[in-house]
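Convention: sequence-line order gives letters A, B, ...; per-chain numbering from 1.
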2 protein chains.
Amino acid sequence: MEIAIMLYDGITSLDAIGPYEVFAATQKCKVKFVAKKKGLIKLDSKMGCLHADYSFSEVTSADILVVPGCSPPNYKNPMNDEETLNWIRQIHETTKWTTSVCTGSLILSAAGLLNGAPATSHWGSFDLLQSLGAIPTDERVVRHGKIVTAAGVSSGIDMALQLVAWELGEDMGKGVQLILEYDPQPPFDTGSTKKAPASLVEPIRGMLQEFSKREPNI
Amino acid sequence: MEIAIMLYDGITSLDAIGPYEVFAATQKCKVKFVAKKKGLIKLDSKMGCLHADYSFSEVTSADILVVPGCSPPNYKNPMNDEETLNWIRQIHETTKWTTSVCTGSLILSAAGLLNGAPATSHWGSFDLLQSLGAIPTDERVVRHGKIVTAAGVSSGIDMALQLVAWELGEDMGKGVQLILEYDPQPPFDTGSTKKAPASLVEPIRGMLQEFSKREPNI
């Protein structure tokens, strides 16, 4: 099974590496990190890099496409880049599954793939997702036909396990979960806006909205 | 707060990127990816790279040291490399917390930091951990003085959230969990050997033990 994970400057590393690790652990997937130009890719934190081993021109199809997200406002660059959007549309024509993690769904929206479709994103980007024509849906993994969107950052792990189970069988999904020892024990219960108190949610929402008005800084 | 994440060829990407993403989200940490030589670092899957922005000689102290793990048998190279072990010992002298994810604890053991200490690792490496002098402890995050070891691969996220809460306060820990939308919903309940059936655990244990007898292949 061929997996293309799209990279771009300003990306959130875990959005890409969570799914990568799940697919890699199957030992049945060829995972390709793909970007407009191959080479180093700057992270949104400005504290490190990922690496694209393939350029868009070298990857013309995939069984699964993963479009990771980033902190606001770095999604604006890929959302406004026709070469990137055209590559996504081209790969989407060939996929069994076209997927996103976090604000990657904004980029899928910009490519025209989520018009009128239920989809999720980082919880702080639901207004923007709606303004782009999707129907924001507050679930961790949302499937609409062959498009699967995942919520913020860490949710790509859950999404990829589900995709592995759908494509390679439940036993493989269960085995990968054991290999990655994915038995989460977060120290708090504040991982979603339904569970965290408003006093925690609202300042972070405000900060993210403020950031989203800016120009990309990477 | 300065965080040094040690990289080496053959590493498991999520072991490093899980903690990185947690520390980065605080916006209060300077995270440095450090290796013997800076540049591209090959992943254990042979399907991608991370990137070391710093060499050992450029990083002589850290508040938190993170030693990620890898699939067997790739830990053998760092475990047998005196320059790597000496760097770990040197940084450990300066840290508030010296930590590992997954089989990274084997490398800490090889550096002599876990003699007689309770510690964890990937569940498939408990025998090896014990043979190196540590006391294998089947918990997701094990603290012994200033040394904190985490279980397999994905557990580095839980460990880093705990470290953030200890160092920067519970509110910061809770906020980071919300920013990363870490509200895990794995599709199965097979993430640990306590939960997965023996019919799933034993073949994977056998495979990992077989791999561990080989020579590093990266």
Side-chain angles (χ1 to χ4, degrees), chain A residues 12-14 17-18 20-21 24-25 29-33 40 43-45 47-51 53 102 122-124 140-141 151-155 157-158 161-162 165 170-171 173-175 177-196 200-201 203-204 208, chain B residues 12-14 17-18 20-21 24-25 29-33 40 43-45 47-51 53 102 122-124 140-141 151-155 157-158 161-162 165 170-171 173-175 177-196 200-201 203-204 208:
Chain A
T12 299
S13 192
L14 186 55
I17 296 302
Y20 152 80
E21 201 67 62
C29 296
K30 170 73 181 164
V31 185
K32 296 178 177 177
F33 291 104
L40 291 180
L43 303 182
D44 51 3
S45 68
M47 297 189 297
C49 298
L50 288 180
H51 185 263
D53 305 296
C102 196
H122 192 280
W123 58 268
R140 191 150 175 88
V141 177
V153 193
S154 60
S155 63
I157 299 172
D158 298 333
L161 281 170
Q162 188 61 74
E170 285 215 350
D171 283 351
K174 289 175 179 174
Q177 192 174 333
L178 181 60
I179 288 172
L180 302 185
E181 212 158 342
Y182 188 46
D183 177 33
Q185 295 172 28
F188 309 110
D189 194 18
T190 57
S192 81
T193 55
K194 294 170 202 156
K195 295 174 176 174
L200 190 68
V201 175
I204 295 174
L208 295 172
Chain B
T12 299
S13 192
L14 185 55
I17 297 301
Y20 152 81
E21 201 66 63
C29 297
K30 171 73 180 163
V31 185
K32 295 179 178 178
F33 291 104
L40 291 180
L43 303 182
D44 50 3
S45 68
M47 296 189 296
C49 299
L50 288 179
H51 186 262
D53 305 295
C102 197
H122 191 280
W123 58 267
R140 193 151 175 88
V141 177
V153 193
S154 60
S155 63
I157 299 172
D158 299 332
L161 281 169
Q162 189 60 74
E170 285 215 348
D171 283 352
K174 289 175 179 174
Q177 193 174 333
L178 181 60
I179 287 173
L180 302 185
E181 210 157 344
Y182 188 47
D183 176 32
Q185 294 172 29
F188 308 109
D189 194 17
T190 57
S192 81
T193 54
K194 294 171 203 155
K195 295 173 177 174
L200 191 68
V201 175
I204 295 174
L208 295 173

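With respect to chain B, the highest number of heavy-atom pairs below 4.5 Å among A:Thr193, A:Asp158, A:Asp171 belongs to A:Asp158. Most heavy-atom pairs under 4.5 Å with chain B, from the set A:Gly173, A:Ala196, A:Gly124: that is A:Gly173. Ranking A:Gly18, A:Ala24, A:Gly175, A:Ala25 against chain B, the residue ahead of the rest is A:Gly175, based on heavy-atom pairs under 4.5 Å. Taking chain B as the reference chain and counting heavy-atom pairs below 4.5 Å, the highest number among A:Gly48, A:Pro203, A:Ser155 is found for A:Gly48. Of the listed residues A:Pro184, A:Ser192, A:Ser45, the one with more heavy-atom pairs under 4.5 angstrom with chain B than any other is A:Pro184. In terms of heavy-atom pairs under 4.5 Å with chain B, the best-connected choice from A:Ile179, A:Thr190, A:Leu40, A:Val153 is A:Thr190. Between chain A and the options B:Leu161, B:Leu180, B:Asp44, B:Ile157, heavy-atom pairs under 4.5 Å are most frequent for B:Leu180.
One finds the CG atom of A:Asp183 at 13.0 Å from the CH2 atom of B:Trp123 (value rounded to the nearest 0.5 Å).
Taking every heavy atom of both residues into account, B:Val31 and A:Met47 meet most closely at N-SD, 3.3 Å. Taking both residues in full, the closest heavy atoms of A:Asp53 and B:Cys49 are given as OD1-SG, 4.2 Å, listed atom of the first, atom of the second, then distance. Of all the heavy atoms in B:Leu50 and A:Leu50, the pair that sits closest is CD2-CD2, 3.8 Å. Here the closest heavy-atom approach between residue B:Thr12 and residue A:Glu21 is recorded as CG2-OE2, 3.3 Å. When all heavy atoms are compared, the tightest approach of A:Leu178 to B:Gly191 is CD1-C, 4.1 Å.
Heavy atoms of B:Lys194 lying under 4.5 Å from chain A are absent altogether. Interface remark: B:Tyr182 contributes backbone and side-chain atoms alike to the contact with chain A (heavy atom separation under 4.5 Å). Contacts between B:Ile204 and chain A at a heavy-atom distance below 4.5 Å involve the side chain alone, from C-beta outward. Of the two parts of A:Cys102, neither the backbone nor the side chain holds a non-hydrogen atom closer than 4.5 Å to a non-hydrogen atom of chain B. Using a 4.5 Å cut-off between heavy atoms, B:Val141 does not touch chain A at all. Looking at A:Lys195, only its side chain comes within 4.5 Å of chain B, counting heavy atoms on both sides.
A donor-acceptor pair under 3.5 Å is absent between the side-chain atoms of A:Gln177 and the main chain of B:Pro186, judged by distance alone. Although no hydrogens or angles enter the test, the distance criterion places no donor-acceptor pair under 3.5 Å between the side chain of B:His122 and the main chain of A:Glu181.
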